[in-house]
Amino acid sequence: MILKNKLILIDGNNVAFRAFFALPLLNTDKGIYTNAIYGFATMLMKILETEKPTHVLVAFDAGKKTFRHETYTEYKGGRQKTPPELSEQFPLILELLTKFGIKHYQVENYEADDIIGTLAEKAGQESWDVKVVTGDKDFLQLANDQVEIALIRKGISDVENYKPADVQERYGIDPGRIIDLKGLMGDSSDNIPGVPGVGEKTAIKLLKQFGTIEGVYESIDDVSGKKLKEKLIDHHEQALMSKKLATIDRKAPVTLSLEDCQYTFEVTSELIHLFKELEFQSLLDRIGAEETIDQNAQDEVFDFQTLSEITEDHLESPSSLIVEVTDSNYHYGDIHGIGLSNKTGSYFIPIKTALSSEVFRAWLEDEKAEKVVFDGKEATVALSWREVHLKGIMFDIQLASYLIDPSETNDDLAAISKRNNLSYVYSDEAFYGKGAKHRIPEDEELGGHLARKAGACLELLPLLQKKLDENQQTSLFNELELPLSLVLAEMERMGVKTSQETLEQMGEELTRKLTEIEHDIYEMVGTTFNLNSPKQLGEILFEKLQLPVIKKTKTGYSTSADVLEKLAPQHEMIPKLLDYRQLGKLKSTYIEGLLKVIHPKTGRIHTRYNQTLTQTGRLSSIDPNLQNIPIRLEEGRKIRKAFLPSKEDWVIFSADYSQIELRVLAHIAQDEQLIKAFENGMDIHTKTAMDVFGVKEEDVTSVMRRHAKAVNFGIVYGISDYGLSQSLGITRKEAGQFIEAYLDSFPGVKKYMEDVVKKAKEDGFVTTLLQRRRYLPDIKSRNFNRRSFAERTAMNTPIQGTAADIIKQAMVQMSERLVEEKLTTNMLLQVHDELIFEVPENEIDTLKRIVPDVMENAVKLDVPLKVEYAYGPTWYDAK
DNA sequence: GGGGAAGCTA
DNA sequence: ACGTAGCTTCCCCT
């Protein structure tokens with residue numbers, strides 16, 4: 001069988017522009033912008049994978065002037081200049097194509113359109129399959145039985161394929177009439193005038209009636225509508241010229257033959273090299289290039305010694321210390337070796353040697369022996385499970401790196417090293433392999449890796465110290481984050497006692513209810529299907545039952561709770577479905593999920609806090625996430641009954657900041673109104689309602705208060721009229737008026753919002769009260785969505801981040817205070833604005849005094865902080 | 001194994 | 001086409 005040739009023609013300029021504007025302004029360590037290149041490569045790979053072409057060509061526009069300018073000097077006039085951040089990416093896009101083995105081509109005086117038109121025609125005549133990839137609708141004129149147009153819709157990888165029938169379906173005209181359509185309606189992006197006042201709808205109507213522009217003018221008397229007729233007559237010439245401009249030349253002087261475009265799929269080492277240079281890790285994964293150990297790293301000789309006996313001489317201060325854990329969850333993993341580095345050298349210590357050495361154990365526990373670590377919390381917890389109490393951590397590379405720039409990859413020592421021009425460390429992923437390929441090598445090989453890691457930490461110490469200092473983050477590091485990491489280590493190691501029986505009982509009840517609901521639904525609908533599949537559910541609701549489609553997702557119908565609520569009156573199964581969703585969530589995530597992570601030896605759940613992840617400075621919690629245990633609905637809230645104190649007659653004691661974010665806002669914005677309201681102990685939502693709606697306190701209705709509350713949330717999140725309208729179910733205009741009224745009532749807030757965005761534009765970053773930092777490169781983006789998001793982030797991050805600073809400070813002080821007061825109380829959990837303790841009965845009164853004291857005075861603000869507390873036999877009762 | 005939808009928290 | 005910050009589960013495709 002002879003395989004049919006398949007030619008892909010790509011509109012290079014168009015794809016590059018789209019990629020550039022669709023993606024954030026990515027750049028490599030060396031400061032090369034890569035977003036357009038990345039987007040181009042992503043699109044290319046997708047096309048090559050799905051289409052498997054035999055021939056490929058990427059066509060580019062040549063120069064500024066084309067033959068179309070002879071027809072109309074204003075052609076493509078008024079276009080914004082190509083941003084330099086994009087133009088500098090073009091040479092690399094060409095290099096990328098070369099390394100893919102793909103031909104690129106341009107012709108003086110002609111546009112990419114004409115090259116593509118000419119070659120598409122040629123290939124079509126030879127009965128090849130042709131596909132044109134572009135974002136420009138003009139190309140639809142080329143569609144025919146051989147030529148299909150792939151229109152990029154939004155983003156970079158979302159395409160819509162047009163065969164002639166699809167053009168007919170979408171526009172109601174044949175592909176050949178697209179030029180008439182453009183001739184009538186014009187095209188603002190190419191500055192093609194068309195006929196003023198004629199848009200897509202009118203143009204299509206005319207073409208359906210008369211066929212072509214020429215047809216329209218031949219029968220101009222039959223055109224209905226006096227105004228329209230006049231406009232057409234007045235702009236006769238212009239319409240014909242516009243049509244000419246929109247016509248793709250299929251006879252352009254293309255010297256390239258079809259065979260010149262031959263393409264064979266091949267992953268070359270050159271391509272891999274380029275991807276590495278451009279830091280396209282995800283694309284490397286996609287072409288199946290196993291992350292190999294960096295050539296540079298491998299080449300660099302690294303001297304180290306494997307110790308079979310440890311003496312004091314090996315333990316200089318400071319030393320970097322790597323405690324390597326086998327499992328990603330350090331509560332469960334084994335330690336498989338120790339790396340050590342100081343001015344006497346770098347060492348690998350096999351784990352047996354380490355744990356059996358009295359000298360080494362004593363050194364680990366010696367507060368005065370200074371250690372530099374990478375993730376001290378991990379090392380502390382892992383050793384603590386083995387009854388070794390690590391002391392003397394003076395610096396944590398991971399934490400420091402996170403404070404310097406939270407947006408960078410901070411969980412990979414190799415990446416941090418690279419950013420600081422150290423190249424001999426292997427990344428853990430490359431060294432151990434990932435997924436099914438994960439393996440832990442024998443000591444001989446392992447030793448080098450750990451010694452290199454230790455060596456890098458020691459070298460990074462002064463570099464990161466200097467950066468912290470330049471950022472004025474030294475005290476944030478020393479006084480807050482480093483001590484906090486040790487507090488968190490204790491909390492994680494302690495864990496929280498969880499009743500398996502309680503969870504199991506709740507699980508059984510949920511299973512019963514779920515089975516019943518499931519059957520009811522099947523009966524009502526008359527068929528069985530997977531209730532958990534949004535796809536199957538969508539088909540049932542919107543096709544079988546013909547319910548109205550309220551919202552769509554990228555992949556199909558939306559079946560989210562807000563959609564279902566709107567549909568509830570239309571079908572009796574919907575409320576059942578909502579119940580099913582709610583209970584199903586409880587069962588799978590919370591009952592089964594939590595049962596899986598109760599530690600078999602301690603009977604407790606040991607979460608891990610990620611201290612180096614969030615962009616705002618908050619903690620996050622994983623495996624399990626104990627920061628999203630249900631509370632809003634009673635059924636879910638009952639899950640909290642499973643969380644208990646360790647011992648009899650102890651209680652769970654919970655304390656939370658009241659309105660911390662609005663208080664922080666009042667302080668940062670120095671808004672007199674808001675500060676006064678908090679000083680007077682007012683209900684802040686009521687106060688907001690009074691000001692926004694201009695009523696007296698006693699006249700604030702519950703609806704007004706609810707709206708005011710939503711406005712307050714909106715303010716904290718970086719408000720938009722759209723967002724507020726969504727959350728309140730009001731129009732965008734009304735939401736806009738609420739916001740305006742709010743900002744008039746709180747002028748300090750208004751000024752803050754303006755100033756913080758301005759400052760972010762100047763500095764490129766925003767900061768919190770304690771000098772935490774977040775960079776916002778998108779704040780200068782030309783893409784409205786990206787820029788708006790960055791602006792909201794600029795408003796929100798100092799607020800959310802300062803609140804995080806405050807509770808972190810409180811945790812450090814609370815931990816010290818518990819020691820000072822010789823209490824046996826344990827701090828167990830942190831949930832962003834809330835601390836949870838387990839407390840023996842005889843310490844409750846003390847805690848009632850010191851917890852609010854510490855939390856309210858952790859940081860001095862110009863507004864009072866307020867803490868509320870509660871306690872009871874389970875977490876559920878601490879309300 | 002990964003991406004998307006959905007839903008839980010502050 | 002869109003309120004801030006997260007994590008886990010499920011489906012479904014590769």
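In what follows, chains carry the letters A, B, and so on, assigned in the order in which the sequence lines appear, proteins first and then strands, with residues in each chain numbered from 1.
- Among the protein residues, A:Val716 comes within range of no part of the nucleic acid, since none of its heavy atoms lies under 4.0 Å from any strand.
- For A:Thr555, whose side chain is taken as the heavy atoms from C-beta onward, the closest listed nucleotide among C:dC10, B:dA5, C:dA5 is B:dA5.
- When the nucleotides C:dT9, B:dA10, C:dG3 are ranked by their closest atom to the side chain of A:Thr589, C:dT9 comes out on top.
- Note on A:Asn530: only backbone sugar-phosphate atoms sit closer than 4.0 angstrom, heavy atoms only; bases stay farther off.
- Considering only side-chain atoms of A:Asp623, the nucleotide from C:dC11, C:dT8, B:dA6 that sits closest is C:dT8.
- Between A:Glu834 and A:Ser654, the side chains place a donor N or O and an acceptor N or O closer than 3.5 Å (distance only, hydrogens not considered).
- The residue A:Arg732 sits close to a base: some heavy atom pair falls under 4.0 Å.
- Here the P atom of nucleotide B:dC8 and the NE2 atom of A:His832 are 16 Å apart, to the nearest Å.
- Backbone-only engagement by A:Ala436 is indicated by non-hydrogen atom pairs under 4.0 Å involving sugar-phosphate atoms exclusively.
- Contact annotation for A:Ile719: base contact, defined as any heavy-atom pair under 4.0 Å involving a base atom.
- No close placement of the A:Tyr332 and A:His606 rings is indicated, their centers lying 6.0 Å or farther apart.
- Residue contacts shown for A:Glu834 are absent, as no nucleic acid heavy atom lies under 4.0 Å away.
- Residue-level contact check: A:Leu724 touches the bases, meaning some heavy atom is under 4.0 Å from a base atom.
- In the set B:dA10, B:dG2, C:dC13, C:dC13 carries the atom at the smallest distance from any side-chain atom of A:Lys535.
- Heavy atoms of A:Ala804 sit nowhere under 4.0 angstrom from any nucleic acid atom.
- Using a 4.0 Å heavy-atom cutoff across all strands shown, A:Leu586 reaches no nucleic acid atom at all.
- With C:dC10, C:dT4, B:dG7 as the choices, the nucleotide that has an atom nearest any side-chain atom of A:Asn796 turns out to be C:dT4.
- Side-chain proximity of A:Asp833 to B:dA10, C:dC7, C:dA5: nearest is B:dA10.
- Where A:Pro534 and A:Val711 meet DNA chain C, the nucleotide closest to each residue was compared, and A:Val711 sits on the side nearer the 5' end.
- Between B:dC8, C:dT8, C:dT9, one nucleotide has an atom nearer to the side chain of A:Ser588 than all others, and that is C:dT9.
- By the 4.0 Å N-to-carboxylate-O rule, A:Lys596 lies too far from A:Glu592 to be salt-bridged with it.
- Across all strands, A:Asn610 comes closer than 4.0 Å to no nucleic acid atom at all (heavy-atom distances).
- Among the protein residues, A:Arg792 comes within range of the sugar-phosphate backbone only, with heavy atoms under 4.0 Å from sugar or phosphate atoms but none that close to a base.
- The residue A:Ile631 sits close only to the backbone: its heavy atoms come under 4.0 Å of sugar-phosphate atoms, none of a base.
- Regarding contacts with the backbone of B:dA5, a side-chain N or O of A:Thr553 is found under 4.0 angstrom from either OP1 or OP2.
- Backbone-only contact: A:Gln615 has heavy atoms under 4.0 Å from sugar-phosphate atoms and none from a base.
- Across C:dG6, B:dA10, C:dC11, the shortest atom-to-atom separation from the side chain of A:Thr614 is found for C:dG6.
- Using a 4.0 Å heavy-atom criterion, one finds that A:Thr797 contacts no nucleic acid atom at all.
- The side chain of A:Lys585 lies closest to B:dG7, out of C:dG3, B:dG7, B:dT9.
- The side chain of A:Arg581 contributes an N or O atom lying less than 4.0 Å from OP1 or OP2 of B:dG7.
- Under the 6.0 Å cut-off for aromatic ring centres, A:Phe746 and A:Tyr742 qualify, their centroids lying closer than that.
- Nearest nucleotide to the A:Gln800 side chain, out of C:dC11, B:dG7, C:dA5: C:dA5.
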